[in-house]
Amino acid sequence: MWIKKWGTLIAVATLMAGVLAGCSSRDSNADQDGITTLTVWGMGAEAKALPEMAAQFEQENPDIRVEVQALPWANAHDKLLTAVGSKSGPDIVQMGTSWVPEFAHAGALLDITPYARTYPELGQENFFEGAVSTTQYDGKTVGVPWYTEAQVLFYRTDLLAEVGYEDGPKTWGDLADAAKKLAARGEGKYGIAFSNKEQSLSFMMARQNGSELIDAQGNPLFNQPEFVEAVTYLNSFFQNGSNALDLGIDSIQGLKGDGIVPMFISGPFMIKQIQEQAPELEGKWAVAELPTKENNLSVLGGSNLSVFQFSEHQEEAARFLAFMSKPENQLKWMELASVLPAAKEAWEDPSLQNDEHMQVIRGQLDKAQPMPQLAAWEEIAQQYLKSFERIYRGGADVQSELDAFNEQAVSILKK
């Protein structure tokens, strides 16, 4: 769900123009018998559950009909590019939080600020601060938080207790120490699984070490001490054998049995997966907020709902966004799609208040930020993965590699 430069957007959109013939809101949303038709583009599993919410909205708004089109995440980005290029498409679109800068920069997303006066559910004060920041671009509010998530630490409580960390590691030092001790259990055992394909991991840890990533003038800070120290710390897990690299098993498999890999960092969706796929581990695993250095900031993810700038039914679309933002509807959406509410009031519901795992997530959400909202961020992140691979797999000098990466980032940001 990451992003590309606007120049790429124009090129791809031009090449794909015409693919969505018949999908324009002007063509498919023609009003009939006083009924306004809204088209909603949803992605992946979320779109499959969305018609039930749309049916409830229609009951409350008999003058509006909602058509949901499900797009696989794999090709959703290209379809949106085409819609922008042809100034057609849906009335409402699900936006991965990292896509917002690209499409807002292209002028494709409506500023919904005026509608917050009519629909107080859209007010920024209703949502987590980090989630709100993903809807902002160039002084405009171009969406509303729909659901949210933050990465946390998953761990086997029994195995961590054996090495002195029953409640989980609290600091960077604790994490490194626990991982080493767990890896020392014997051949084929590890301490933690850091995904070498997770592009946000190093940036998240750099923030925990006090890095701003990009300064106020837009200059990258990837070769500064805070960033270099974080990458060096992360690389140490790869180098000392406490991190499981290219192991060929997923996180739940690593957690099961004698715990080949007793710790990993992931999102709240893993809670349900562990409960369903490893019921024998009940009482032997937990989640914790991320270990702290200068802070314990996590990466905030999720999705927003935006109104397409080219919609002819912007007021009705804003009404749908307000409906989806009501705390009671956010809770229903949680039941349908197994995602977490972005509206803070929804977290007062007993189903979340009385769940110890969810309360950990709730605490981490207050300490979570999205990746920088820059149209060029995806290209920067992809370049970083190549640099980090040369460090952890190729043994490249951290400072030299990050000096080169920082120069690449400068060039990318100047495009």
Side-chain angles (χ1 to χ4, degrees), residues 151-209 211 226-267 270 274 278 281 284-299 364 384-385 387-399 401-402:
Q151 294 191 349
V152 292
L153 180 70
F154 290 76
Y155 66 99
R156 279 279 296 269
T157 53
D158 55 343
L159 299 180
L160 268 291
E162 291 177 5
V163 296
Y165 295 97
E166 184 174 2
D167 295 326
K170 304 300 183 185
T171 68
W172 274 23
D174 291 346
L175 185 65
D177 180 62
K180 284 182 181 179
K181 289 177 178 177
L182 290 164
R185 289 174 297 157
E187 186 177 354
K189 298 293 193 299
Y190 302 90
I192 192 166
F194 287 124
S195 172
N196 54 359
K197 296 180 180 179
E198 175 49 69
Q199 58 189 19
S200 65
L201 183 61
S202 293
F203 299 115
M204 178 182 78
M205 286 189 163
R207 278 176 167 169
Q208 292 173 1
N209 197 41
S211 174
E226 296 85 355
F227 196 92
V228 175
E229 289 169 7
V231 174
T232 301
Y233 171 75
L234 180 57
N235 185 45
S236 69
F237 291 83
F238 289 80
Q239 302 309 315
N240 65 24
S242 58
N243 180 71
L245 178 63
D246 302 330
L247 193 57
I249 61 174
D250 63 31
S251 297
I252 297 179
Q253 289 175 312
L255 210 62
K256 287 182 174 183
D258 56 358
I260 295 174
V261 187
M263 294 191 292
F264 63 90
I265 292 173
S266 190
M270 288 300 301
I274 294 173
L281 291 182
K284 295 182 179 181
W285 67 277
V287 295
E289 290 190 23
L290 296 175
T292 297
K293 183 63 167 30
E294 298 299 319
N295 59 68
N296 72 330
L297 283 173
S298 182
V299 177
Q364 189 70 74
Y384 173 74
L385 288 179
S387 293
F388 187 54
E389 184 169 20
R390 288 190 285 269
I391 292 170
Y392 77 80
R393 200 184 293 277
D397 178 72
V398 176
Q399 183 68 63
E401 189 63 43
L402 293 181

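Since we're looking at a predicted model, the values are computed, not measured. Every heavy atom of this structure was used, including side-chain atoms; hydrogens, water molecules and symmetry mates were not.
N240 and S242 are linked by a side-chain donor-acceptor pair at a separation below 3.5 angstrom, with hydrogens and angles left out of the test.
Nearest heavy atom pair, residue L160 against residue A178, reads CD1-CB, 4.0 Å. When every heavy atom of P291 is checked against every heavy atom of P169, the shortest pair comes out as CG-O, 3.8 Å. For the pair V261 and I192, the tightest heavy-atom approach, listed with the atom from each and the gap, is CG1-C, 3.5 Å. Heavy atoms only, all atoms of each residue included: P262 and G191 are closest at CD-O, 3.6 Å. Contact record, G241 with A183: O-CB, 4.0 Å, taken as the closest heavy-atom pair. When all heavy atoms of L159 and G259 are compared, the closest pair comes out as CD1-CA, 3.8 Å.
Atom CG of D258 is separated from atom NZ of K189 by 4.0 Å, given to the nearest 0.5 angstrom. Separation of atoms CD1 (I274) and OG (S266) is listed at 8.5 Å; rounding is to 0.5 Å. Here the CG atom belonging to N209 is positioned 12.0 Å from the OG atom belonging to S202, to the nearest 0.5 angstrom. Between atom OG1 of residue T157 and atom CD of residue E162 there is a gap of 10.0 Å, rounded to the nearest 0.5 Å. If you take CG on L281 and NZ on K256, they are separated by 7.5 Å, rounding to the nearest 0.5 Å. Taken to the nearest 0.5 Å, the CG atom of L297 stands 11.0 Å off from the OG atom of S211.
For the salt bridge (charged side-chain N to carboxylate O under 4.0 Å, His left out) test, residues two or more places apart in sequence or in another chain that qualify with E289 are K367.
A distance-only check finds a donor-acceptor pair linking the side chain of Q239 to the backbone of Y392 [under 3.5 Å]. Remark: side-chain polar atoms of D177 are not paired, donor with acceptor, to backbone N or O of D174 under 3.5 angstrom. Side-chain atoms of R185 come within 3.5 Å of backbone atoms of L182 as a donor-acceptor pair (strictly under, hydrogens ignored). Without hydrogens or angle criteria, Q253 side chain to D250 main chain gives a donor-acceptor distance under 3.5 Å. Although no hydrogens or angles enter the test, the distance criterion places no donor-acceptor pair under 3.5 Å between the side chain of Q208 and the main chain of T292. Of the possible polar contacts, one joining the Q364 side chain to the N296 backbone as a donor-acceptor pair under 3.5 Å is found. Judged purely by atom type and a 3.5 angstrom limit, S387 has no side-chain atom pairing as donor or acceptor with the backbone of E401. A donor-acceptor distance shorter than 3.5 angstrom exists from the side chain of Y233 to the backbone of W172, with no hydrogens or angles considered. No donor-acceptor pair under 3.5 Å is formed between the side chain of R390 and the backbone N or O of G395.
Aromatic rings from F238 and F388 are positioned such that their centres are separated by under 6.0 Å. Taking the six-membered ring for Trp, Y384 and F203 have ring centres closer than 6.0 Å.
Around NZ of K284, the count of heavy atoms belonging to other residues, nucleotides or ligands within 6.0 Å does not exceed 12. Other residues, nucleotides and ligands contribute only 12 or fewer heavy atoms inside 6.0 Å of the CD atom of E166.
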List the steps, then state whether side-chain contact (heavy atoms from CB on, under 4.5 Å) holds for V152 with M270. CA-CA 10 Å; V152 292; M270 288 300 301; over 6 Å; no

Under the criterion side-chain contact (heavy atoms from CB on, under 4.5 Å), I'd like the reasoning laid out for V299 against R207: C-alpha separation, chi angles, the key distance, then a yes or no. CA-CA 10 Å; V299 177; R207 278 176 167 169; 5.8 Å; no

Do E389 and N196 pass the side-chain contact (heavy atoms from CB on, under 4.5 Å) test, and can you show the C-alpha distance, the side-chain angles, and the key distance before you say yes or no? CA-CA 8 Å; E389 184 169 20; N196 54 359; over 6 Å; no

E198 and M204: CA distance, side-chain angles, deciding distance, side-chain contact (heavy atoms from CB on, under 4.5 Å) verdict: CA-CA 11 Å; E198 175 49 69; M204 178 182 78; over 6 Å; no

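Residues F194 and M205 form a side-chain contact, since some pair of their non-hydrogen atoms from C-beta on lies under 4.5 Å apart. With contacts defined as side-chain heavy-atom distances shorter than 4.5 Å, the pair I260/Y190 qualifies. For the pair R156/L255, a side-chain contact is recorded, criterion being any heavy-atom separation below 4.5 Å from C-beta on.
Below 30°, between 30° and 60°, or above 60°: for F264 and F154 the angle between ring planes is below 30°, a parallel geometry.
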